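Everything numeric in this text was worked out from a predicted model, so none of it was measured. Below, chains carry the letters A, B, ... as their sequence lines are ordered, and counting in each starts from 1.
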There are 2 protein chains.
Amino acid sequence: MPQDATNEPDGVGTGPPVPRVPDPPLDDSDYRALAEFRHALRVFLRFSEEAARAESLTPNQHQLLLAIRASPAAPTVTELSRQLQLRPNSTLELLRRAESAGLVELHTDETDHRRQLASITEDGEARLERLTRLHRDELRRFRSQAGDLLDSLG
Amino acid sequence: MPQDATNEPDGVGTGPPVPRVPDPPLDDSDYRALAEFRHALRVFLRFSEEAARAESLTPNQHQLLLAIRASPAAPTVTELSRQLQLRPNSTLELLRRAESAGLVELHTDETDHRRQLASITEDGEARLERLTRLHRDELRRFRSQAGDLLDSLG
DNA sequence: ACCATTACATCGTAGAACGATGTAATGGTG
DNA sequence: CACCATTACATCGTTCTACGATGTAATGGT
């Protein structure tokens with residue numbers, strides 16, 4: 001009994017790569033702005049990765065903790081898949097590794113035995129808090145850079 | 001003769017994960033805003049990945065093409081490493097794969113035989129242009145979402 | 001000429017996301 | 001309340017790529 005026929009991540013937008021081609025021409029300055037935006041993004045992500053690593057976390061473990069912590073109730077694997085834009089099986093594997101690392105706990109939902117509810121451990125939350133503090137400044141920096149660059153794209 | 005003692009990516013900031021811990025407390029709304037920002041970012045990156053794949057490119061090949069196209073002159077491997085925040089050897093491997101795919105060309109710099117200068121092929125540029133057009137709308141969307149979310153962080 | 005430095009080259013490895021596939025639990029339907 | 005489509009997770013093998021470690025050629029200063 002196959003089920004997840006496509007195994008696509010439950011996306012927010014349904015079909016992104018529609019090949020409709022808008023008109024406006026692209027000049028060098030457009031490419032430069034785009035490239036600078038991507039560079040700023042990569043610098044931010046590098047920072048985030050190094051910060052996570054300093055807490056002995058992988059970048060995705062960090063994101064996982066954040067997603068769980070920000071959730072109003074203990075989220076299911078499927079909900080986390082949406083948030084993290086990963087396939088459900090990948091999310092589960094990520095959860096298992098995080099569980100082994102003592103960062104999260106998984107419990108079967110009592111009212112629906114198909115579901116696994118994820119919660120964050122004390123240790124996981126402590127690491128997340130430190131990471132989050134470190135991210136605030138860097139995010140401010142990214143915000144101003146990226147904002148300017150994207151504005152220059154019209 | 002070892003040389004690249006650290007093999008670190010020539011970063012913009014020198015030492016990101018300094019464990020100074022700023023004061024302000026974090027509440028649920030901070031975590032929610034952060035998580036939503038990350039979600040918006042992941043949706044954007046997913047979009048970008050799918051768009052690249054629709055042009056038979058990997059996400060990094062797309063970024064590579066953009067970096068070369070945006071460069072005022074044919075960039076070296078080291079310069080691209082900076083832009084893409086990758087280790088030089090990873091950048092070279094990325095370039096070689098892109099070269100095999102007919103997207104870029106590599107030529108030894110005539111004035112400095114250590115350097116390899118990267119240029120984009122006609123086909124590479126055509127694919128990049130289509131991709132870039134597709135990205136404009138999505139970037140606008142991301143800009144407004146991310147802007148609001150980051151503003152709510154103070 | 002000498003040597004430190006720069007810039008690329010090669011290779012083996014590991015980690016993780018994925019596709020394919022399978023199984024258990026649920027819920028609507030007649 | 002049997003039936004079956006759907007939902008939700010589980011498992012496994014594969015693949016792809018960024019990386020560390022290491023090496024070599026070219027350059028530039030003294």
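Within a heavy-atom distance below 4.0 Å of DNA chain C, the residues of residues 109-116 of chain B found are B:R114, B:R115, B:Q116.
Between B:R143 and A:D151, at least one side-chain nitrogen of the basic residue sits less than 4.0 Å from a carboxylate oxygen of the acidic one, meeting the salt-bridge criterion. Ion pairing of A:R141 with A:E138 is present here, as a side-chain N (NZ or NE/NH1/NH2) and a carboxylate O approach within less than 4.0 Å. Electrostatic pairing of A:D28 and A:R32 does not count as a salt bridge here, judged by no charged N lying under 4.0 Å from a carboxylate O. We find that A:R96 and A:E93 are not joined by a salt bridge, their nearest charged nitrogen and carboxylate oxygen being 4.0 Å or further apart.
A:L117 and A:L94 are assigned to two separate hydrophobic clusters, defined by single-linkage of ILVMFWY side chains at heavy-atom distances under 4.5 Å. Linking Ile, Leu, Val, Met, Phe, Trp and Tyr residues whenever their side-chain heavy atoms come within less than 4.5 Å places B:L66 and B:V77 in a single cluster.
Between A:F142 and A:F37, the two ring planes are tilted [angle within 30° to 60°].
Put simply, CZ on B:R97 is 14 Å from P on C:dA9, counting in whole angstrom units. Computed from coordinates, the A:Q63 CD to C:dA17 C1' distance equals 16 Å when rounded to whole Å. A:N89 places its CG atom 12 Å from the C1' atom of D:dG13, with the value rounded to the nearest Å. Distance A:L86 CG to C:dG15 C1': 14 Å, rounded to the nearest Å. Here C:dC18 presents its C1' atom at 14 Å from CG of A:L92, a figure rounded to the nearest Å. D:dT17 atom C1' lies 14 Å from atom CG of B:L84, rounded to whole Å. The distance from atom CD of B:E50 to atom C1' of C:dA17 is 13 Å, rounded to the nearest whole Å. One can place CG of B:L94 at 14 Å from P of C:dC8, the figure rounded to the nearest angstrom.
Base pairing of C:dC8: its partner is D:dG23, meeting the Watson-Crick or G-U wobble criterion (both donor-acceptor distances under 3.5 Å). Across the strands present, D:dG29 finds its partner in C:dC2; the criterion is a Watson-Crick or G-U wobble pair with both atom distances under 3.5 angstrom.
Phosphate contact (OP1/OP2 of C:dA7, side-chain N/O of B:R87, threshold under 4.0 Å): absent. Under 4.0 angstrom from either OP1 or OP2 of C:dC8 there lies at least one side-chain N or O belonging to B:T78. Between B:R53 and the phosphate of C:dC18, there is no side-chain N or O to OP1/OP2 separation shorter than 4.0 Å. Remark: A:R96 is not in phosphate contact with D:dT11, judged by side-chain N or O atoms under 4.0 Å from OP1 or OP2. In terms of phosphate contacts, B:S90 brings a side-chain nitrogen or oxygen within less than 4.0 Å of OP1 or OP2 of D:dC19. For the OP1/OP2 pair of C:dG15 and a distance below 4.0 Å, the side-chain nitrogens and oxygens of A:T58 include no atom meeting the criterion. Regarding contacts with the backbone of D:dA18, a side-chain N or O of B:N60 is found under 4.0 angstrom from either OP1 or OP2.
Toward the 5′ end of DNA chain D lies the nearest nucleotide of A:V77, the other residue of the pair A:E49 and A:V77 mapping further downstream.
Side chain B:E93 to base D:dC16: no donor-acceptor pair is found below 3.5 Å.
When only modelled atom types and interatomic distance are considered, B:D123 and B:T121 share no side-chain donor-acceptor pair under 3.5 Å.
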